[in-house]
Amino acid sequence: MFGSGNRPGGDEVLARSAAVLAWSSGLGFGLPGLYAIAHLARHGEIATFLGYPTYGHGVFENRCGIRTTVPLLSAFVVVCAAECGAGALLWRQRRAGAALALVLLPAETVFWVGFSLPYGPVAAAARTALVLRYRRRVPGRTRKLA
């Protein structure tokens, strides 16, 4: 921020904290999602980790069947990649990152419910609170000041 030297300001801390949460969710769900796609395509069954199904036995599988899991997981991985993009924009304190993080929330929610992923909403709640607070503090700024 202008005049702050190397010391992060309050806005920067909010944006970067939200960015870290976006990256952790995007990578934390996206990378295992890629593995789950490969495992399902190769073996025809939902992978397990520590005895728990990964992206299986949820609403999607129960209502739509296992044959829909690969396309749905592929879509979820795209949403996770977009979340990582939102994190990159937030890290650079771009309002577009805050907007993208908020726009992705409904899609993420559908996938968390559909795949029975209980930890997604926890991180999203914290990220959303930070994003909303950040947007309130910098209402008109479209990019970081030099």
Side-chain angles (χ1 to χ4, degrees), residues 1-41 46-64 66 68-146:
M1 294 178 61
F2 183 76
S4 65
N6 290 331
R7 202 175 107 243
D11 299 340
E12 184 176 2
V13 170
L14 289 171
R16 289 194 170 181
S17 297
V20 169
L21 288 171
W23 287 332
S24 65
S25 289
L27 293 172
F29 288 115
L31 292 177
L34 290 172
Y35 171 77
I37 291 168
H39 185 274
L40 182 59
I46 301 293
T48 59
F49 180 72
L50 299 175
Y52 295 100
T54 58
Y55 304 100
H57 306 299
V59 175
F60 287 153
E61 185 180 341
N62 292 336
R63 294 205 179 166
C64 303
I66 198 167
T68 63
T69 302
V70 169
L72 287 167
L73 259 175
S74 298
F76 186 40
V77 168
V78 169
V79 170
C80 290
E83 188 170 1
C84 288
L89 291 168
L90 282 164
W91 188 263
R92 295 189 314 233
Q93 298 180 59
R94 304 292 195 258
R95 282 185 52 86
L100 182 57
L102 295 173
V103 166
L104 289 172
L105 196 56
E108 292 171 313
T109 302
V110 167
F111 288 114
W112 296 325
V113 170
F115 289 121
S116 295
L117 302 171
Y119 301 111
V122 175
R127 183 192 73 218
T128 301
L130 290 168
V131 164
L132 291 174
R133 188 162 178 212
Y134 171 70
R135 283 177 53 108
R136 193 172 341 133
R137 288 178 61 146
V138 287
R141 188 166 68 185
T142 58
R143 63 181 183 174
K144 183 179 174 185
L145 299 173

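Between the Tyr55 side chain and the Phe29 main chain, a donor and an acceptor come within less than 3.5 Å of each other. Using modelled atom types, no side-chain atom of Thr54 and backbone atom of Ala36 make a donor-acceptor pair closer than 3.5 Å. Side chain of Arg135 to main chain of Arg133: no donor-acceptor pair is present (N/O by atom type, distance under 3.5 Å, no hydrogens or angles).
The nearest pair of heavy atoms linking Trp23 to Ala88 is NE1-N, 3.3 Å. Pairing each heavy atom of Ser17 with each of Leu130, the nearest pair is CB-CD1, 3.7 Å. The minimum heavy-atom distance between Ala19 and Gly87, with the atom names listed, is CB-O, 3.1 Å.
Separating the CG atom in Leu31 from the SG atom in Cys84 is a distance of 7.5 Å, to the nearest 0.5 Å. We find the CZ-CG distance between Arg95 and Leu90 to be 11.0 Å, quoted to the nearest 0.5 Å. With values rounded to the nearest 0.5 angstrom, Tyr134 atom OH is found 15.5 Å from Thr128 atom OG1. The structure places OG1 of Thr69 at 5.5 Å from CG of Leu40, a figure rounded to the nearest 0.5 Å.
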Show every donor-acceptor pair shorter than 3.5 Å between a side-chain atom in residues 99-126 and any protein atom, with sequence neighbours excluded, or say none if there are none.
| residue | atom | partner | partner atom | Å |
| --- | --- | --- | --- | --- |
| Glu108 | OE1 | Arg127 | NH2 | 3.0 |
| Thr109 | OG1 | Leu105 | O | 2.8 |

